[in-house]
Structures are given as structure tokens and as C-alpha cells.
Visitor: 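Dropping the structure in here first, questions after.
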Amino acid sequence: MKEYTVKGKPVRVYVCDSEDEIASQAADVVMYAIRRKPHLALGLATGSTPVPLYRKLAEKNRAGEISFAKVRTYNLDEYFPIDPASPLSFRGFMRDNLFSKIDLPEEAIHIPRGDAPDADAEAARYEAELDALGGVDIQILGIGSDGHIGFNEPADRFIYPTHATALTEQTRRDNARFFNALDEVPTHAITMGIGAIMRAKKCIFIATGKNKAPAVKSALLDDPSPACQASVLQFHPDTVFLLDRDAASLLP
Ligand code: PGA
């Protein structure tokens, strides 16, 4: 582990040799937490980065080492509009990569509805749900190459409530690999705001690959700024950064 001191505060960074090592480390933290609190509120992220973690959690569930029967999950975001039944929706992504492989009850899944009639009203509904919860116990976070967490895109301020947002061109290009063409990538989304992310008791931040290195460096070491939304985590009291060598390559 490396520990950086940023403005007098420790930032805990684990540089791992492989995606598999990151997945094992993160899975251990999640499983330990579920064993201590079976009804854990677990914040989840989509994208390629957490897939090895989800594979590991599903393996452990299949092997009987952990149960999700009492866990509640809260996803960071969802495209809008999108059919939740579509495999391209984040609900579909979660179903294919985790939910269909573990003993989590359907009613324990919380994700903004991509087919709600009104994005702002759906964002407010999700925010009320998160508010009632008072913060997830553990939040899994990836980072966009533009520094976003959830779909909190670079801006001139941090937006605290859950909200509807336009996606940056960079994010749409990054996510185009899941679609047939760039113009099929949704232009908007609903995302947990910075407030709900910061209310998480613990964050597990995962980043892999060279294309994340500039955003990771900015998030961890630059002055916190809404131009790199992940930099707000410098103020979070318990975030663990799990990086592969490529994502950590611009850190001193
Ligand atoms: P990725 O996405 O894991 O597919 O790179 C991360 C993110 O956009 O948060």
C-alpha cells in the first residue's frame, strides 16, 4: 500500500498487479462487511472495471461462502431514457453481470428507472430513497476518463442531489464500445449526486488501464475541483483506492 498525504490528510492507495488482485481485495472487503451486517446497503457501479469483482462475488456466492439474501443494492446511475429490459441499460448490465448470478432478491435492487415518464421526477424519487437510507454502507466506484464518478460529469460545481444530466462527448465515446454505433449511445442519464456518494460510509474506488491514469492523478493529487468530480473523494473519510499499475502510472 502507498499512502499519500494530500493537504495533511492520508489517501490510501493500493497498487495491484492485476485486475484479479483488485477484484479479490474488493471482494474481501465486501464479503467481510456482509458477514458483519447481512442487510448491508451496497452501492454498485457499472462499466468494465467492476466486472471482475462481480465475477468473484458470484463465484463466492455459488460456493456458499457469502449470501446476498438480505443485502440491498443501490446503483449509481442509469441511462435516460432506456428500456430497463434492454441489455444495454445499466439494469440489464447488472442483471447479466451480477444479479442473475447471486441470491439477491429482485425487490432488493434499486436503480433509477430508465423508462420513467419524467427524468427529474425519477431523480427526485431515487434521491428520496437514498435519503431515507441515510447513505449506503459501501459504495463501489469507477472513474470516467473525464474524472466522473457515477455520471457526475465535469462541471463548474459539484451537484449534490441525484439528478438528470447530459453525458459528455468523451463519456459517450468511451461507452460506445457497448453499442453498435456512437449515435446509439444515450445522450442523458440519471445519476446519484455527489451528496449520496459522499454519504457512503466507505467507498471502494477501482481504476484500471492507462486511459484512466490522468483522471486518477487529478482525482487523488490535484486540488479538489468539480472539473474532476472524483477529486471530491479527497474529502471522504473512508475511501480505499485500488489501482492497477497502468492506472497508477502517473502517481509519484
Ligand atoms: P469503465 O467505466 O469501467 O467502463 O471504464 C467507468 C466509469 O465510467 O465510471
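Computed from a predicted structure; not experimentally measured. The analysis underlying the following values was restricted to heavy atoms, covering all of them including side chains, and did not include hydrogens, waters or symmetry mates. Whatever order the structure lists them in is the order used to number ligands and atoms, beginning at 1.
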Visitor: If the cut-off is 4.0 Å to any non-hydrogen atom of G142, which atoms of ligand 1 fall inside it?
Guide: 9 (O)
Visitor: Can you find a side-chain donor-acceptor pair between T171 and T168 that sits under 3.5 Å?
Guide: yes
Visitor: I need the contact type for I143 against ligand 1. Using non-hydrogen atoms and a strict under-4.0 Å cut-off, is it side chain, backbone, both or neither?
Guide: backbone
Visitor: For K56 and S24, test the side chains for any donor-to-acceptor distance below 3.5 angstrom and give the result as yes or no.
Guide: yes
Visitor: Counting each atom of ligand 1 from 1 as listed, which ones have a heavy atom of S48 under 4.0 Å away?
Guide: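 So the answer, numbered in order with elements, is 1 (P), 3 (O), 4 (O).
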Visitor: With only distance considered, is T49 within less than 3.5 Å of ligand 1 through an N or O on each side?
Guide: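 T49 vs ligand 1: N/O contact under 3.5 Å present.
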Visitor: Answer with yes or no whether the side chains of D103 and S67 bring together a donor and an acceptor at under 3.5 Å.
Guide: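 Yes, because at least one side-chain N or O of S67 sits under 3.5 Å from a partner of the opposite role on D103.
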Visitor: Looking only at non-hydrogen atoms, which of H148, R177, K212 approaches atom 5 (O) of ligand 1 most closely?
Guide: K212
Visitor: Among side-chain atoms of T165 and E153, is any donor-acceptor pair under 3.5 angstrom?
Guide: no
Visitor: For ligand 1, which atoms sit closer than 4.0 Å to a heavy atom of G47?
Guide: 1 (P), 3 (O), 4 (O)
Visitor: So, applying salt bridge (charged side-chain N to carboxylate O under 4.0 Å, His left out) with R199, which one of D238, D131, D137 is it?
Guide: D131
